[in-house]
Amino acid sequence: MTQGTEPASDERTGVWLVGARGNVATMSIVGARAIAQGASDTTGMVTEREPVSSLDLPPVDGLVFGGHDIEPEPLVAQAERQRDRNGVPDEETLAAVRDDLVAIDERIEVGTAVNCGAAVSEESVHLDERLAVRDVVDQIRDDYETFRDRHDLERLVVVNVASTEPELAEPERYESREALDRAIDEDDRDLPASVLYAYTAIDAGHPFVNFTPSTANALGGIRELAADNGVPHMGRDAKTGETLVKSALAPMFAGRNLRVMSWEGHNILGNKDGLVLEDEANAAGKLASKGDVLDSILPEIGHNRVRIDYTPSLADWKTAWDYIHFEGFLETEMKMQFTWEGSDSALAAPLVLDLVRLIAHADERGDGGLQPHLASFFKAPLGVDEHDLSLQLNRLYDYAEQHR
């Protein structure tokens, strides 16, 4: 395959990224095109490991990317910044996909930034905020359908990888499909962008994944819409770093009947996501989903606190330091500490590709609604109360065995 061309695979699956010029989206696109060009392998992708790889999944080289964003800086510039500041991707990989990034950048449309809070910068370019909500929905729908028709796609998967929004104040107002439709028709200005993207995708029959803590498809009205339309969807808040470790480690304490008295987690990162999370309103949902994992696995935990701080010099690298104070036999007090350091986007990007492939598989089979077998990918998996990573992974493996 020559650089800058469309995927050669006969199976062409569209991937519409909300936040298409952000760190995670950029790394996902770079990774997919590097795999297609033979410039990288598939390390980090769950769908490339048995038993999940035995499923009939859309090929990575058949993924066609487009998206919405409010930031005007092109994909190549974003990738170059990550290369210069983080070393990921390296120069050789970026050179292999540079022409692809230029072509994909032309498919990124101006998005809406309604109720996005600190995610909106002075450089942002977005749809006119005076547009009625229904008009915004119609514009988003037109962008989805134009992309699908223009590129002759078998299906389109919409993935929200935009910066975290403030939490929706009264989500119960939109618990039914009827209430949500009425709110859109009556120009309810409280609805955030993530909900509009999710609603439009699912109403048009496109599978949807919420990679973020934002509201999106968590609303009861959208879940009802997805069930009625038979559209697969899943979320919420991808599990890539510290919380991944917690969901694997906390069951050990529970299983050995060791009483955790305190679990303190301190996260620092320096990319735009870290900057956005400096705002308390934007950070609230993220902190809740990170903390709820321990509360679920260790319901008698004495103290459970998570902090996220912006440290500009770290760029895309993030560090989490966790201190665990626990009690064992004969009331013996002990402690454990761990440090997790990783490239935020390089941890997240393969999961984006996995989720696209797996939810496309569900759509191909006509399996609509929530997808509980994808729980292991999320901090707050919709419709799943189990947070033990091993049990979540067993759901995915059982699904693979049943559908191989």
Side-chain angles (χ1 to χ4, degrees), residues 3-4 15 17 19-46 48-49 60-61 63 65 67 69 71-105 108 121 123 159 161-164 211-212 238-245 266-278 286 308-322 338-355:
Q3 292 186 358
V15 183
L17 299 169
R21 294 191 178 108
N23 291 335
V24 173
T26 301
M27 198 69 72
S28 301
I29 295 168
V30 168
R33 297 310 303 147
I35 292 168
Q37 301 284 5
S40 182
D41 62 21
T42 56
T43 300
M45 291 185 62
V46 177
E48 289 295 314
R49 181 179 184 272
V60 175
D61 66 356
L63 302 180
F65 292 93
D69 210 314
E71 299 302 329
E73 188 173 42
L75 279 174
V76 169
Q78 294 280 2
E80 288 175 340
R81 180 187 301 110
Q82 293 194 52
R83 175 202 62 194
D84 295 341
R85 296 194 67 192
N86 311 307
V88 185
D90 59 29
E91 177 55 40
E92 184 178 356
T93 302
L94 180 54
V97 303
R98 184 180 293 272
D99 290 348
D100 292 331
L101 297 183
V102 172
I104 292 167
D105 202 69
I108 298 175
S121 69
E123 293 78 27
V159 186
V161 286
S163 296
T164 302
F211 206 75
T212 80
K239 184 163 59 183
T240 61
E242 181 207 27
T243 310
L244 178 68
V245 178
H266 187 193
N267 298 256
I268 55 174
L269 71 161
N271 60 22
K272 184 182 177 183
D273 288 339
L275 177 60
V276 168
L277 293 174
E278 279 285 276
K286 186 78 170 180
I308 304 174
D309 290 321
Y310 176 55
T311 307
S313 63
L314 293 183
D316 195 56
W317 292 89
K318 65 179 179 182
T319 297
W321 170 75
D322 280 49
F338 71 82
T339 303
W340 171 276
E341 296 180 280
S343 171
D344 196 30
S345 301
L347 289 165
L351 305 189
V352 172
L353 305 181
D354 284 332
L355 286 163

Closest heavy-atom pair and its distance - [X], [Y]:
X	Y	answer
D61	A36	CB-CB, 3.7 Å
W321	T339	CD1-OG1, 3.9 Å
A34	T93	CB-CG2, 3.8 Å
L101	A79	CD1-CB, 3.9 Å
M45	P350	CG-CB, 3.7 Å
V159	F211	CG1-CB, 4.4 Å

At what distance, to the nearest 0.5 angstrom, does [atom1] of [X] lie from [atom2] of [Y]?
X	Y	atom1	atom2	value
M27	Q78	CE	CD	10.5 Å
D99	Q37	CG	CD	9.0 Å
L314	S343	CG	OG	11.5 Å
R33	S40	CZ	OG	12.5 Å
E80	R85	CD	CZ	14.5 Å
L351	L244	CG	CG	8.5 Å

Would you please name every residue forming a salt bridge (charged side-chain N to carboxylate O under 4.0 Å, His left out) with [X], sequence neighbours left out?
X	value
R81	E73
K239	none
D69	none

Under 4.5 Å between any side-chain heavy atoms of [X] and [Y], yes or no?
X	Y	answer
V60	T42	no
E242	H266	no
V245	D322	no

Quick one: does [X]'s side chain have a donor or acceptor within less than 3.5 Å of a partner on [Y]'s backbone?
X	Y	result
W317	E341	no
D105	P74	no
D316	S345	yes
N86	V88	no

Check your understanding: For Q82 and V30, what are the C-alpha separation, side-chain angles and deciding distance, and is it a side-chain contact (heavy atoms from CB on, under 4.5 Å)?
Key -> CA-CA 11 Å; Q82 293 194 52; V30 168; over 6 Å; no
Exercise for review: Would you please test L75 and I104 for side-chain contact (heavy atoms from CB on, under 4.5 Å) and show each step?
Suggested key: CA-CA 8 Å; L75 279 174; I104 292 167; 3.8 Å; yes
Point to revise | side chain to side chain contact (heavy atoms under 4.5 Å, CB included) partner of K318, chosen from I268, N267, I308, L347 | key: L347
Practice item. Give the C-alpha distance, both sets of side-chain angles, the deciding distance and a yes or no for side-chain contact (heavy atoms from CB on, under 4.5 Å) between T311 and T319. Key: CA-CA 10 Å; T311 307; T319 297; over 6 Å; no
